[in-house]
Amino acid sequence: MKSIYSLTLEEMETYFIKHGSKKFHADQLFSWLYEKRIKSYDEITNIKKDVLSTIENDYSIQPLKIVDVQEDVDVCKYLFELNDGEHIEAVLMRHDYGNSVCISSQVGCNMGCKFCESGRRKKVRNLETYEMVLQLLMIEELLKKRISHVVVMGIGEPFDNYENLIQFFMIINHPKGLAIGARHITVSTCGLVPKILEFSNFPLQINLAISLHAPNNKLRNQIMPINKVYPLEELIPAIKTYLKKTNRRVTFEYILLKDVNDSEECALELAELVKEINCYINLIPYNETNNIDFKRTKTVQIMRFYDILKKNNINVTIRREFGSKISAACGQLRSKKEDL
Ligand code: SAH
């Protein structure tokens with residue numbers, strides 16, 4: 001059965017009209033789900049019983065299961081079991097500006113980035129919209145605090161699940177839904193060019209991050225197979241088109257991998273590559289995992305890399321680290337659980 005948490009407000013309106021009922025019930029139902037956070041349709045008092053039972057027959061209100069929670073000072077990691085028994089993860093990070101949650105978008109991932117734990121398991125399926133929405137609702141319920149920021153950077157390639165992702169954005173951004181401002185939502189992609197172009201026409205001002213991780217094709221091909229499909233000479237123009245259409249800024253993520261992409265030449269080449277692009281570069285200290293051989297760049301070298309970019313007038317930050325003690329790097333908690 002489909003889940004009620006996959007529907008946008010407009011879709012609920014269409015549903016009520018189609019069933020000979022009143023459009024405004026959609027507003028009411030949205031408010032029961034996202035303001036009052038009901039667990040059962042029985043709690044609804046202002047929609048007629050016969051209408052409610054039609055909905056109940058068509059749409060489930062069932063939550064997901066949280067099967068493991070690991071806590072550190074300013075980070076908390078949740079392992080979810082989906083209704084078909086698959087597992088995904090979400091991570092809460094407490095910032096001074098609010099609570100940010102990183103959610104998963106797929107079970108497994110087909111992008112095959114060499115350094116990434118999630119990609120060790122091939123994509124099993126896309127997450128349904130409700131499975132993304134419920135990651136947020138259930139964390140808010142445990143936390144008893146509002147989630148102010150959302151990043152789609154957990155397991156999976158969100159642009160490989162584009163339609164459900166867009167639907168998810170519509171629901172969580174809606175003032176009567178979770179009312180999370182578009183500028184507080186970020187989606188990260190490894191660089192699916194056609195979807196970047198499609199996303200440039202999406203009306204909500206959601207932030208776009210690109211996992212770049214290398215300044216040239218030769219190196220990027222080695223660590224990110226997707227680069228053979230969409231090489232830099234296609235990716236960079238697509239990003240420029242996105243920036244032109246949206247008038248926004250893009251974030252480039254760059255994981256520093258020891259002796260792979262962390263040399264001073266790489267820093268210079270990176271500065272050259274992005275110099276005409278309105279962007280931030282976010283340098284990410286690599287979170288080492290037991291199953292993969294890449295090593296983390298030493299802090300002095302991270303600082304050297306950072307300085308070169310700064311000297312070349314690039315906006316650059318080093319990502320604050322959360323949760324390395326609790327396996328918070330992408331895909332690590334699921335791997336532990338399933339022993340993959
Ligand atoms: N598929 C999307 C989103 C998921 S990955 C993408 O590629 O952007 C989210 C980010 O985490 C990516 O930048 C990814 O490269 C990075 N990442 C993966 N494994 C990591 C690790 N072990 N340490 C640090 N960052 C990692």
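Heavy-atom basis, side chains included; hydrogens, waters and symmetry copies ignored. We count ligands from 1, going down the list as the structure has it; atoms in each ligand are counted the same way.
At a heavy-atom cutoff of 4.0 Å, ligand 1 is contacted by the side chain of Glu253 but not by its backbone. Residue-level proximity to ligand 1 for Ile292 is absent, since no heavy atom of it falls below 4.0 angstrom.
Within the structure, ring-ring contact (aromatic ring centres under 6.0 Å, His included) pairs that include any residue of residues 241-270 comprise Tyr254-Phe305 (at least two apart or interchain). A ring-ring contact (aromatic ring centres under 6.0 Å, His included) check over residues 131-163, counting only residues at least two apart or in different chains, returns the pairs Tyr97-His149, His149-His184, Phe159-Tyr162, Phe159-Phe199.
By heavy-atom distance, the residue among Phe252, Phe294, Tyr286 lying nearest atom 21 (C) of ligand 1 is Tyr286. Between atom 26 (C) of ligand 1 and the options Leu192, Ile255, Thr251, Leu256, the minimum heavy-atom separation is to Ile255.
Ion pairing between Lys18 and Glu11 fails under the 4.0 Å rule for side-chain N and carboxylate O. Of the charged side-chain nitrogens involved, at least one lies within less than 4.0 Å of a carboxylate oxygen, so that Lys176 and Asp27 count as a salt-bridged pair. A salt bridge is absent between Lys77 and Glu71; no separation between the charged side-chain nitrogens and carboxylate oxygens falls under 4.0 Å.
Annotation for ligand 1: atoms under 4.0 Å from non-hydrogen atoms of Phe115 are 15 (O). Interface atoms of ligand 1 facing Gly154, defined by a heavy-atom separation under 4.0 Å, are 4 (C). Atoms of ligand 1 lying under 4.0 Å from at least one heavy atom of Cys190, given by number and element, are 6 (C), 7 (O), 8 (O).
An N or O contact shorter than 3.5 Å is missing between Thr289 and ligand 1 by distance. Close N/O approach between Gly156 and ligand 1 is found [any backbone or side-chain N/O within under 3.5 Å]. Backbone and side-chain nitrogen or oxygen atoms of His213 are examined, and one is located within less than 3.5 angstrom of a nitrogen or oxygen of ligand 1.
Taking NE2 of His174 as the reference point, atom CD1 of Ile180 lies at 13.5 Å (rounded to 0.5 Å).
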Evaluation steps, salt bridge (Lys or Arg N to Asp or Glu O under 4.0 Å), between Arg125 and Glu131: CA-CA 12 Å; Arg125 64 175 177 86; Glu131 293 171 316; 2.9 Å; yes

